[in-house]
Undergrad: 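Provided herewith is a single structure, encoded as structure tokens, for subsequent inquiry.
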Amino acid sequence: MKKHLKGIVLNIENIAKDTVRLEFSTPLESILPGQFVSILIPHKTLRRPFSVADFCLNSAFGTNNRNFDSILEENAKNKGAITVLFKLKGDGTNYLKGLQKGDMIDYLAPLGNTFTIPDNKNNPKNTASASGDITIKTTDARGCETVDRINQTVMNGTKGMDKDSEPSGAIETKAVACAIGVNSSKKALLIGAGIGIAPMLYLKKILDKKSISNYLISGFKTEEEVIKGSDGVVIGGSVIDKVQNLIDEFRPEILYSCGPKVVLQMVCDIAKKNELRAEIAMEKVMACGIGVCRGCVIKLEKDDAIKNASVCADGPVFSGAEVIWE
Amino acid sequence: MIDLSVDFGKFYLENPILTASGTYGYCDEFDAFLDVRNIGAIVTKGITLEERPGNEGKRLFETSSGLINRIGLENIGIEAFVNRKLARLRKLGINFILNIAGKTEEDYVQLAEISQREEIPAIEVNVSCPNVKAGCLEFGTDEKCLYDLVSRIREKYKGFLIIKLTPNVTNIEDLALAVQNAGADCISAINTVKGLGVELNFSGTKVVKSLVQGGLSGKCIKPVALSMVKRIKEVANLPVIGLGGISNLNDMLEFFTVGAEAIQIGTENFTNPSIAVNLAKELAEFIVKQGFRDLKHLKEELRK
Ligand SMILES: Cc1cc2nc3c(=O)[nH]c(=O)nc-3n(C[C@H](O)[C@H](O)[C@H](O)COP(=O)(O)OP(=O)(O)OC[C@H]3O[C@@H](n4cnc5c(N)ncnc54)[C@H](O)[C@@H]3O)c2cc1C
Ligand SMILES: Cc1cc2nc3c(=O)[nH]c(=O)nc-3n(C[C@H](O)[C@H](O)[C@H](O)COP(=O)(O)O)c2cc1C
Ligand code: FES
């Protein structure tokens, strides 16, 4: 159920060039991957939507924060934490960048639909241990359970690569597969482009939790903009160039993607060519965020009929095959 | 309990705060955020005879202190409204006003007939629509055309009839009088102000531009709305529902001062979806704190 909520900033940090990670408290007990929050920006008419990049329950957040009388009581119930990642764009994101621990955030959540999660029955190979993924579960300072995978190591490996000899900065996907030691079957291939990695990270966490084997490839313009958490990273070149290889190698059942329109369009084309289902998370400027103003509609083709769909309420996740591109 | 009621005779409001057309849908989403029964009345999204897909391309453009929209009246059509939404509004006991729009006089007349048949207690007529037969000049910009339109609607519809005026005119007084003479019960003002948003992006000498021509709403239009309400009240006896840029208690009091009996919240619902119910509470608290007897007393003092 959508709610109008107030939260407290638990953490805010720069994680890459012009990229900020913001974590705030929430009384919500669950959020689905693909869903987003809509944050109030003082002196702005429109709220700003951001994908949930992580959500965890049982953060140790309590009353030892700065004193905000009116919302403190409400926030004593706030045992969860939502993380968003954002790229600095204009007034809204620059305002958010200036927030500090303990500051208050006014937001609507959870908004939108979710990625569909394939079921992992009938495929015993696809458990984390069988697929050979190395998963290290840790508990962080706030008591949030995080899943750090070996992929961080791979990422660091990429960073160390000689960029001159690899103009696109791309890593050899084969080498990555080797490094992780997978049997090369992955149910889901996740493709993040730029800040589009945000919802992919939360989706990946959920897939991992459900032991659905997956691989996240993401692309960034420059090395300074790389956000951690992928299994493979492309720097400079197009992440799309790697996708066909990954499909051939992992034979995924489904592609998930978030990023600029051009990338999503290409993901849909590749999915079609390979007869795969693609689910893409779209963006549109939003006003209400809940499906009433019809400001964020796109066109879908379903059962031979063309219909409007709101990105905020019917989406943001759509089946790539149905989207009609403007 | 402080008396915040507004009694229009044919239509009764528990409190003077309404939510504006196009910003509250058909009232089936906002109940996630608040108890919509505590709102004076909700005005539905503009409904046309047939379902409409709305405009292609960019529909929203944020401006400093405002918003330009060109939704193009995307709506489910009167039949779907009656079949799918009406029963729910009634079952939940939500006080509502049906907002209607059309391309021809006949469209409006048919919508009025259906409203009468379905015993809809109040309708608000959006006259900021291009009149196809009159070369797409808007119904609400010509007093003769407006008088004819309202008269024909009045013939068919006996409930509480509100005409929503457009501010994109020079002669608002004449239009208000036309509405009054044609037998309407109430005027609401204002609809959005014509505006253009220009977005420019440069890549070296290459310019990528995007122009969004539509209706401006939000905080920035409040002075225009206040002026229109005042000018209407100076010539017409009909009660006026004021709207345009209202976002807090003080804004609402300003509209009461210039003669509005009730107000509508539009764009601010997007910024603060709990506003309508919160404002009703704030108004009651303010009346008590200042020592007024009730809303009527407050309005009297504001208009002295
Ligand atoms: C469902 C959804 C999820 C998103 N998730 C993320 C995310 O996880 N991380 C991230 O960095 N960005 C995300 N965005 C984009 C983000 O909302 C915009 O970057 C942000 O609103 C820019 O605000 P600003 O004031 O800094 O910039 P502005 O100067 O206002 O605008 C810069 C650009 O941002 C876009 N934008 C502005 N207002 C809105 C709005 N109300 N809704 C949608 N787009 C808008 C426009 O394309 C505009 O050209 C998401 C957008 C949507 C619709
Ligand atoms: C997204 C949007 C959609 C609207 N749709 C309608 C409509 O269908 N019918 C109508 O009469 N007015 C419509 N309006 C106008 C509002 O009801 C209101 O008159 C205007 O926005 C001014 O009030 P505000 O500044 O409080 O928003 C719409 C406004 C917005 C922002
Ligand atoms: S933003 Fe209002 S319908 Fe999506």
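Reckoned from all heavy atoms, side chains included, excluding hydrogens, waters and symmetry mates. All chains are named by letter (A, B, ...) in the order of the sequence lines, taking the proteins before the strands, and each is independently numbered beginning at 1.
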Undergrad: Looking at B:Asn168 and B:Lys194, what are the two nearest heavy atoms and their distance?
TA: OD1-N, 3.0 Å

Undergrad: Can you tell which part of A:Arg294 gets under 4.5 Å to a heavy atom of chain B, answering side chain, backbone, both or neither?
TA: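 When you check distances to chain B, atoms from both the backbone and side chain of A:Arg294 fall under 4.5 Å.
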
Undergrad: Is it true that the side chains of B:Asn75 and B:Thr48 contain a donor and an acceptor less than 3.5 Å apart?
TA: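 Per modelled atom types, B:Asn75 and B:Thr48 side chains form a pair under 3.5 Å.
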
Undergrad: Which atoms of A:Ile290 come close to chain B, meaning under 4.5 Å heavy atom to heavy atom: side chain ones, backbone ones, both, or neither?
TA: both

Undergrad: Please determine, by modelled atom types, if A:Thr116 and A:Glu279 share a side-chain donor-acceptor pair under 3.5 angstrom.
TA: yes

Undergrad: Measure distances from A:Ile298 to the heavy atoms of chain B and classify the residue's part below 4.5 Å as side chain, backbone, both or neither.
TA: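 Answer is neither: A:Ile298 stays 4.5 Å or more from chain B.
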
Undergrad: Where does A:Lys299 contact chain B at under 4.5 Å (heavy atoms): side chain, backbone, both or neither?
TA: side chain

Undergrad: May I have the step-by-step check of side-chain hydrogen bond (donor to acceptor under 3.5 Å, both in side chains) for B:Glu124 and B:Ser188, ending in yes or no?
TA: CA-CA 8 Å; B:Glu124 181 183 65; B:Ser188 58; 2.7 Å; yes

Undergrad: Examine whether an atom of B:Phe61 lies under 4.5 Å from a heavy atom of chain A, and if so say whether it belongs to the side chain, the backbone or both; otherwise answer neither.
TA: neither

Undergrad: Is A:Lys2 close to chain B through its backbone or its side chain, or both, or neither, when contacts mean heavy atoms under 4.5 Å?
TA: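 Interface part for A:Lys2: both.
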
Undergrad: Checking heavy atoms, do the side chain of B:Glu268, its backbone, both or neither come under 4.5 Å from chain A?
TA: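 Answer is neither: B:Glu268 stays 4.5 Å or more from chain A.
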
Undergrad: What's the spacing between B:Ser65 OG and A:His43 NE2 if we round to 0.5 Å?
TA: 9.5 Å

